[in-house]
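Structure first, then comments.
Quantities reported herein were computed from a predicted structural model and do not represent experimental measurements. In each ligand, atom 1 is the first atom listed, and ligand 1 is the first ligand listed.
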Amino acid sequence: MSLSIVIVGSGPSGFYAADALLRKLPGCRIDIVDRLPTPYGLVRSGVAPDHQSTKAVQRVFERTATRPNVRFLGHVNVGDDVTFGELKECYDAVVVAIGCPIDRKLGIPGEELRGVYGSWSFVGWYNGHPGHRDLDPELTGSAIAVIGNGNVAIDCVRVLAKTPAEMAKSDLCRHAAETIARAPIEMLYLIGRRGPVQIGFTPIELAELGQLEHCVPLLDGEALDRDIAAANPEEVTQKAKPLDILRSFAGNRLGDKPVSLRFIFWAAPTAIIGAGHAQRLRLERTRLADGQAGHTGDHFELSVSTVITAIGYIGAPFDGLPVDEKRGIVRNEEGRVEPGVYVVGWSKRGPSGTIPTNRADAMAVADLIMADFKTGPTGKLGPEAIDRILTARAVRPVGFAEWIRINEAEMKRAADGRPREKFTRISDLLAACRD
Ligand code: NAP
């Protein structure tokens, strides 16, 4: 059967969905729409620039994108260039794979001060996402706090701590590399509102912090042992590897390297203080209460002029889609929003899991679509109708062949040893594929 399917979002969840659909419904026609002229979503603008091996998955996605019945329609903004309703009229099925592109807020006073950044925009900035290119974070003080004990917090800390030489084979964008190299950082605080046994860090990412050329991880070894002794043994067993890595940091000393990375556990931010600009971070010491960070009433402050929050993300409101406000995702039942409309990836389950986690969602959505369209296509207008709508609105999508030109131009302009120097503005991306 020749179903027509549009996937909104060309990140890992979108591409894995396309791949699963092609396996299960080989005759289907798939359009993958993205508001950026570039595909791959978080693989390009989320994965850390020094984690090039993680980005190798692009080659798998490239094979999917170049299948004869697949089109990439880049630089098409759903809600602006074409409405969600129009997509529903034109395609048998719409698969939403737009992720969770908004920083979760701490909800404390001072969050609006200059010098306070969410990791979505900070990571987007150093990765050259056109929407965050001009963030221009102020990294002018000697101490920076990164809040959150997940892998995104580790990415932020590591990118700030690495020397230019350590980043030489990365695709860290030039504007960010220059700002970070100039930053007079001496102290990085990595702050968790719960304890070491509750961390979200994975072992490989945590171990990397022990191998930095100029930065030494510091923590209180006795406090770590007390926390482990007081914790649920099952949880300790589950976290055995990262806890061993943390323990290996306990022998490090302040001054071992020019930059220190201090782990602070059991501390929940309560205010960011400063006159126009962040100057101090106020925290409350916490203790575990029903598994969550509970109050103690005991406060302390850190002098920091930059605060980066890496505390998770929520979904963007999307015209015509029901939102689960509490979880910040599209309201869905096992991936089905309504017959003909589906969600995958972070849009479906929230911001958790690594790139391959999306494979299971992809297979599940393909099964749902097969079940919902047992009797075949539903007589929608077809992708040609979308082409007519876009042409009438003078919207010219960036096709996959054009992306290949951008890709080649980025690789060509990279300095020796670097995989690419990204174009970070829409106008430059379009010029690279069309001039
Ligand atoms: P995460 O792992 O869920 O970590 C979020 C952290 O923010 C948690 O420590 C959480 O603490 C903390 N937090 C939430 N609200 C807070 C608040 N109000 N105050 C203080 N702390 C708060 O999320 P993530 O780091 O954004 O990563 C998202 C997903 O991408 C994860 O699955 C991650 O593993 C994955 N990822 C993987 C890689 C990699 O494999 N290299 C790299 C980046 C991201 P609680 O635990 O107390 O809630």
Side-chain angles (χ1 to χ4, degrees), residues 11-13 41-57 99-111 116-124 126-127 145-159 170 189-209 227 231 235 238-239 242 263-272 281-295 302 307-315 326-329 345-347 349-358 361:
S13 65
L42 281 185
V43 176
R44 180 174 165 97
S45 64
V47 171
D50 57 337
H51 280 181
Q52 287 297 313
S53 58
T54 308
K55 292 175 188 254
V57 71
C100 288
I102 298 176
D103 278 301
R104 203 174 269 290
K105 290 281 183 194
L106 285 168
I108 60 172
E111 214 169 351
V116 183
Y117 309 100
S119 56
W120 186 264
S121 43
F122 186 71
V123 170
Y126 66 58
N127 273 329
V146 178
I147 297 168
N149 271 183
N151 282 334
V152 172
I154 288 200
D155 282 347
C156 294
V157 159
R158 194 183 64 253
V159 168
S170 79
Y189 296 108
L190 185 48
I191 298 170
R193 64 176 170 180
R194 296 189 291 161
V197 179
Q198 289 79 33
I199 50 175
F201 310 138
T202 45
I204 292 176
E205 283 64 28
L206 191 56
E208 275 184 277
L209 297 180
D227 285 333
E235 263 188 275
Q238 274 169 17
K239 294 279 167 68
F263 286 81
I264 298 184
F265 296 109
W266 304 113
T270 55
I272 302 164
L281 174 64
R282 190 166 162 77
L283 299 129
E284 180 180 4
R285 289 187 211 284
T286 57
R287 60 170 164 237
L288 221 48
D290 293 330
Q292 301 304 313
H295 298 280
L302 298 172
V307 177
I308 297 167
T309 61
I311 60 168
Y313 307 118
I314 54 173
K326 204 163 154 222
R327 297 182 60 203
I329 57 172
W346 284 9
S347 300
R349 62 175 198 273
S352 68
T354 56
I355 291 169
T357 312
N358 293 300
D361 278 3

Original post:
How would you list all residue pairs meeting side chain to side chain donor-acceptor pair (under 3.5 Å) that involve residues 148-157, not counting sequence neighbours?
Top reply: N151-T202, D155-R158
**OP:** Verify the neighbour count for atom CD1 of I204: are there more than 12 heavy atoms of other residues, nucleotides or ligands below 6.0 Å?
**Re:** no
Original post:
Would you call R193 and Q198 a side-chain contact if the rule is heavy atoms closer than 4.5 Å?
Top reply: no
**OP:** Kindly assign one of parallel, tilted or perpendicular to the pair F122 and Y126, based on the angle between their ring planes and the thresholds 30° and 60°.
**Re:** perpendicular
Just the distances, no angles: every ligand 1 N or O to protein N or O pair closer than 3.5 Å, one line each.
from     : atom 1 : to   : atom 2 : distance (Å)
ligand 1 : 9 (O)  : N149 : N      : 2.9
ligand 1 : 11 (O) : R193 : NE     : 3.4
ligand 1 : 15 (N) : R193 : NH2    : 3.4
ligand 1 : 25 (O) : N151 : N      : 3.3
ligand 1 : 25 (O) : V152 : N      : 3.1
ligand 1 : 32 (O) : G353 : N      : 2.7
ligand 1 : 34 (O) : N151 : ND2    : 3.2
ligand 1 : 41 (N) : E205 : OE2    : 2.9
ligand 1 : 46 (O) : R194 : NH2    : 2.8
ligand 1 : 47 (O) : R193 : NE     : 2.9
ligand 1 : 47 (O) : R194 : NE     : 2.8
ligand 1 : 48 (O) : R193 : NH2    : 2.8

**OP:** Answer whether the closest heavy-atom distance between the side chains of D103 and S119 falls below 4.5 Å.
**Re:** yes
Original post:
Would a distance-only check, ignoring hydrogens and angles, find a side-chain to backbone donor-acceptor pair under 3.5 Å from D227 to G195?
Top reply: no
